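For reference, the structure is listed below as structure tokens.
None of the values given here were measured: they were computed from a predicted structure.
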Amino acid sequence: MIGHVFDVVNAWSGLIEGGMGLVGGWYGNVAKNRLAKRQEQLSAGQQALELAAQTHGLIADYIQRTDTLTRQLWARDDVIQEVYAQAIAARLVVHELDANDGRPPRQFEPLPSYPALPVEPAGPMPDPQDIKKEV
């Protein structure tokens, strides 16, 4: 009986080998496609991680620049407040000198309002790549 099986396999070996080749080729192609799909997913995930890291860096840079600009604004605001107070004091001294000389008090142009009213941005913020290209 076993000898008969070997004879059948030997007789049909070309067809069996061809069928096994087809099945093996089909399975190899399916495995290759699955592997390629998985590689694309991993590549897309890696690109997303790189983009997230780049975005994090840009946000950190903007936070640092905003902090620096805010500190500069506060420092300028302190200077303007001091100049404003000295201008008012100087006007009072001039009025006192005018009163001591018997003259009518001098009229000064009004000082601008302090603190200044908030200003709306003129336009959208510039793109960071455009700023780096200009520098």
**Message:** Between Phe108 and Leu97, is there shared hydrophobic-cluster membership here, with clusters defined by ILVMFWY side-chain heavy atoms closer than 4.5 Å?
**Reply:** no
**Asked** Can you tell me how far CD of Gln72 sits from CG of Asp67, rounded to the nearest 0.5 angstrom?
**Response** 10.5 Å
**Request:** Please say whether more than 12 non-hydrogen atoms of neighbouring residues, nucleotides or ligands are located less than 6.0 Å from CD in Gln64.
**Result:** no
**Message:** Hydrophobic clusters here meaning ILVMFWY residues chained together by side-chain heavy-atom distances under 4.5 Å, can you tell me if Ile80 and Leu111 are in one?
**Reply:** yes
**Request:** State, without any angle test, whether Gln54 and Glu50 hold a side-chain donor-acceptor pair at a distance under 3.5 Å.
**Result:** no
**Prompt:** Is a side-chain N or O of Ser43 found less than 3.5 angstrom from the main chain of Gln39, in a donor-acceptor match?
**Reply:** no
**Request:** Please say whether more than 12 non-hydrogen atoms of neighbouring residues, nucleotides or ligands are located less than 6.0 Å from CZ in Arg34.
**Result:** no
**side chain to side chain donor-acceptor pair (under 3.5 Å) against Arg106, all qualifying residues, sequence neighbours excluded** = Asp98
**Complete:** Here the pair of heavy atoms bringing Pro105 nearest to His95 is CB-ND1, 3.1 Å
**Request:** Drop me the distance from Leu69's CG to Arg76's CZ, to the nearest 0.5 angstrom.
**Result:** 8.5 Å
**Message:** Distance check, rounded to the nearest 0.5 Å: Asp61 atom CG versus Thr66 atom OG1?
**Reply:** 9.0 Å
